Amino acid sequence: MSPSWLVVARREYLCRVRSVSFRIGTVAGPLVLAAIVGLPQLSSRSASPSGFTVMVIDSIGIMGPQDQSVLKVEGMEPVRLVYSPPDLPYSTLTSLVQTHALDGAMVIAQNGEEAELMSASSMNLTDEVRLHAALRELLFEASVRRRGEAMGLDSLRARSLATRVAWRTVRVQTANPWGAAGLALFMAMLLYVTLLTYGLATMRAVVEEKSGRIVEMLLSSARPVDLLAGKICGVASVGLTQYVIWFLIAALLSSVVSLRSPAPYPLPPWSLGLAVACIGYFLLGYILFAALYAMVAGMVNSTADAQHLHLPVTALLVAPIILVWLVIASPTSATARVLSLVPLFAPVLMVARIAVGAAAAIEVALSIVGLMLFIVASLWIASRIYRAGILMRGSPPSPREVLQWIRDT
Amino acid sequence: MNSAPSQGKPGSLSVHRLQKRFGDTLAVRELSLEVMPGSVHGLLGPNGAGKTTTLRTVMGILRADGGTILRDEAPMDRHAVFRTGYLPEERGLYPRMTVADQLAFFAALRRMPRHAIKERVAYWLGFLGLTPLARRRTDELSMGLQQLLQVAVALVHEPDLVVLDEPFTGLDPLHVARLMELLADLRARGRAVLLSTHAMERAEEICDHVTFLDHGTVAAEGSIDTLRHSVGHRVVKVVFRAPVPALPIQGMDATVVGTTVTVRWSSPDDPLDFIRGLAAAGEIVEVELRPASLRDIFMRVIR
C-alpha cells in the first residue's frame, strides 16, 4: 500500500517518461542548446582576420618599433609584430592570447639571454614551428646588432662573438566554444529551458485535470495536498531522469573523446560537482516554480485562461536568463553576487557562477537556504489556492478573492 | 462476488440537518436522510434542487455550513470519504491512460493492497466485458463504455458505501440494464447506495427509499409505497374522442393535454364515480386506472 502522493507521483512519472515527447526532448534538447551557445562562438573564431599578430615585449631594448613590423615567413600568412610597453602584465598578455586578440607573444627576458614564445593552442602546429624559427632568427639578428653597436664592432665581427639565445616555448590553452563562460551560458540556458518546460507541464496537468473533470474523482480519493505533492514529485522525477541521462551521456562522451590525443574537438570543462549543483538547483528551482505555476492553475479553468495568467511567473524565469550575461561577464561583482542570491534567480544565476568557478561555498549555501524558505512559503500558499480553486467554475478570481482563499482555506 | 446479508454490515450513512450556503443562497436547508446497508436510497428533484451539492458535501468536497454527517455512526472524516465509492456528476478519466491502468491507479490511490489490485482490476474488466480492451486507451472507448468504466473506477476498491450522482445519464438501454444489475448486486451484497437521478422509472425500479428535494429542502421522503399512500396512490387517465371544453376537475391534481386528462387520485372515494361523471362531459375512448408512479409523485411533490 503506497501513500497517495506516491501513487500520483508514479502515474505522473510513468505517463511522461513513456511519452514520445520525453524521448525527443532528451535527445534534441541539449543538441539545440549546444548549437545556440556554441555556434556564435565558433563563427566568431573563424571570422578572425587572416594573418598572425604577435606581440613583442622587450624590457632591455634589444628590439623595438625601429625594427621591422611585418615578418614574412615562407608558407605562412604575414606575421604582424606589435611592440608593447615592457610593463604589460604577464596575465594580461596570457588573456589576450586566450581570447584570440593575439596569436602569440614573444617575451625577452631582462638578461637578454632568454626569451619566451607564447602561442595560441588553436595555431596550426606547422605554423607554430615556422613562426618559432622566424622569431628566433629575428631576435638573434637584433641582439647581435645591438651588442655590436654597443661594443663599437661592425656586424660581422659582432656576429662572430654572438651567442645563441636559449628558447622556451609555452603553449597556452585558448578560449574554445566550451570555455567556462560558454559552459556557464549553456548551463543557465539548460536550467531555464527545463524549469520553464516542467513548470508549465505542471500547470497544464492541473488545468487539464480541472477541465477534464477528473479532479472531483481524485478529490474523493486523496487529499488536495497529496495530489499537488504527487504531481510536483512526479514531474520533478521526470526532470531528474532527463538530467541524469544527459550527464551520463556527457560523461561517457568525455571519456571516449579524451582517450584520443589530441582531442578531435574541444571538450566542455565540466565536472561532477557542477553536474550535482545543476541537478540540485534544478530540483529546488522546479519545486519553487511548480508551486507558482500550480497557483496559476488553481485560479483558472482552461488552458486559454492559463496562457494569460502564467506570464508573470514566466517573467520571473526569463529575468535571470537576461541577467546571466551580466553575471558571466563579471561573476565576482557585487551585482552578480546579490542577483544570484535572489531565490527566484538563484537556480539559473548561481549555477552560471559555479560554472565559471566564481561562487563561494557560503554563497551557494545562502542561496540554497533562501530557496528553501521561499519554497516552503510558495507551497503553503499554492496548496491553499489549489484546494480552494480546484472545483472553481467561471471566470478567474479577483486578487481579493485569492487572498480570501489563502486566509480561509 | 459473494452474496452476503445486509444487516450488521458497515456502510450506513446518516445525514442530519445538513446546511450548505453559497454566498447569500441557501443551497441545502436542514436536510436529513439515512442510508442503510443493503439498501438503495434515491435523491430526486428538479435541476438546481441541491442534489449534487448534497452529495458533494457528503463526500467532503464541499464544506458543510451546518448539520452532521455520520458514517457508521462516526463523523464522516477524510478516511471514511476515501472508503466511499463516488461517481461524480461531472465525469472524467485520464483519456490517454489504458483501461486497466485507470482502474489500477484509482485502486492504489484509495490505498488498496497491491496484491488485491490485480485481482479487482481483472474482476471489473471481466464484469464490464472490457478484458479484450484492457490495454486500450480510455479515449478509444465508446461514451457508454467510458461511463461504465467510470462506475467501475468508483467501485474498484470495494467500498461499503457508494454515492452515485446521476449514474444513468448518457447510457443506452443496454448499459442502463447493466448498471441496474450492478446496483442490485451491490444491494444484495449489503452495500449502502445513495444515488441522485432524473430517471424516475429506474429509481422506482431500484430504490428502496427516496428523498425528494426541492430548492434545497426535503419535499417528501420515504419508501415508494409510503409515498404512494401519502402523496397520491392512484392515477386516473381518461382519453376523450374530442377536446372537452368544461371538465369537472376543479380543485383536483389534474393535467389536461389535448384530449387526455390525467388525475392523481389521493381521495379515499372510488374513482369510478369520477370517471362516470367525466363520461357525461364527452365521449370517452380509453380509461386507465393504475398505481401512482414515482414520476407522478414527483410531479405532485415538486411544484
Side-chain angles (χ1 to χ4, degrees), chain A residues 1-22 201 204-231 234 301-302 384 386-394 397 401 404-405 408-409, chain B residues 22-23 52-53 55-63 76-98 101-102 104-117 137-139 146 149-154 156-157 159 161-165:
Chain A
M1 227 174 4
S2 308
S4 307
W5 70 266
L6 192 57
V7 176
V8 176
R10 194 188 300 137
R11 193 203 81 83
E12 286 291 336
Y13 179 78
L14 291 176
C15 281
R16 288 170 195 279
V17 166
R18 285 172 183 164
S19 68
V20 177
S21 56
F22 176 81
R204 271 196 297 271
V206 175
V207 174
E208 277 170 17
E209 279 177 359
K210 286 178 79 174
S211 59
R213 299 170 172 184
I214 312 162
V215 72
E216 205 170 334
M217 200 73 165
L218 292 170
L219 283 177
S220 69
S221 314
R223 293 184 305 162
V225 68
D226 287 333
L227 296 176
L228 184 60
K231 199 164 287 296
N301 293 315
S302 66
R384 273 160 167 71
Y386 182 82
R387 172 73 184 89
I390 200 161
L391 283 173
M392 184 202 76
R393 295 287 178 269
E401 284 173 308
Q404 198 173 348
W405 287 358
D408 297 346
T409 305
Chain B
F22 294 111
T52 295
T53 302
L55 298 187
R56 281 181 172 173
T57 312
V58 165
M59 290 303 296
I61 290 166
L62 296 176
R63 190 177 291 174
M76 182 90 159
D77 61 5
R78 191 182 301 138
H79 300 291
V81 164
F82 298 161
R83 283 189 286 112
T84 303
Y86 178 52
L87 176 75
E89 182 191 30
E90 295 189 337
R91 312 281 195 264
L93 293 168
Y94 290 107
R96 286 183 288 274
M97 230 175 165
T98 67
D101 285 350
Q102 198 96 237
F105 169 69
F106 278 98
L109 197 58
R110 292 164 190 152
R111 308 286 183 96
M112 208 170 183
R114 196 170 291 176
H115 63 86
I117 291 175
R137 281 169 44 146
T138 302
D139 58 1
Q146 281 189 39
L149 175 60
Q150 182 116 28
V151 174
V153 162
V156 69
H157 60 305
L161 171 64
V162 180
V163 176
L164 309 170
D165 198 353

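These figures come from a predicted structure and were not determined experimentally.
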Item to check | Part of B:Ala116 within contact of chain A (heavy atom distance under 4.5 Å) | outcome: neither
Checklist entry - Contact part of B:Arg78 toward chain A, heavy-atom cut-off under 4.5 Å: side chain, backbone, both or neither? => result side chain
Checklist entry - Looking only at heavy atoms, which two atoms of A:Ala222 and A:Ser4 are closest? And how far apart? => result CB-CB, 3.9 Å
Checklist entry - For B:Phe106, is it the side chain, the backbone, both, or neither that has a heavy atom closer than 4.5 Å to a heavy atom of chain A? => result side chain
Item to check | Close side-chain approach of B:Phe22 to B:Leu62, heavy-atom, < 4.5 Å | outcome: yes
Checklist entry - At a heavy-atom separation under 4.5 Å, does A:Arg10 approach chain B through its side chain, its backbone, both, or neither? => result side chain
Quiz: residues 81-88 of chain B side-chain donor-acceptor pairs under 3.5 angstrom, not counting sequence neighbours:
| unit_1 | atom_1 | unit_2 | atom_2 | d |
| --- | --- | --- | --- | --- |
| B:Thr84 | OG1 | B:Arg71 | NH1 | 2.7 |
| B:Thr84 | OG1 | B:Ala80 | O | 2.8 |
| B:Tyr86 | OH | A:Glu216 | OE2 | 2.5 |

Item to check | Which atoms of B:Val163 approach chain A - backbone, side chain, both or neither, heavy atom under 4.5 Å | outcome: neither
Checklist outcome for this item: Hits for side chain to side chain donor-acceptor pair (under 3.5 Å) against B:Thr98, two or more places apart or cross-chain, chain-then-number order -> B:Asp101
Checklist entry - Heavy-atom distance under 4.5 Å between the side chains of B:Phe105 and A:Leu218, does that happen here? => result yes
Checklist entry - Which answer fits B:Leu109, side chain, backbone, both or neither, if we ask what part of it has an atom under 4.5 Å from a heavy atom of chain A? => result both
Checklist entry - Minimum heavy-atom separation for A:Gly389 to A:Lys210, with atom names? => result O-NZ, 2.7 Å
Checklist outcome for this item: Ranked by heavy-atom pairs below 4.5 Å to chain B, first place among A:Met217, A:Arg223, A:Arg11 goes to A:Arg11
Checklist entry - Any donor and acceptor pair, going by atom type alone, linking the side chain of B:Thr138 with main-chain N or O of B:Met97 inside 3.5 Å? => result yes
Next on the checklist: What part of A:Val8 gets within 4.5 angstrom of chain B, counting heavy atoms only: side chain, backbone, both, or neither?
Outcome noted: both
Checklist outcome for this item: With chain A, the option among B:Met112, B:Arg110, B:Arg96 that has the most non-hydrogen atom pairs under 4.5 Å is B:Arg110
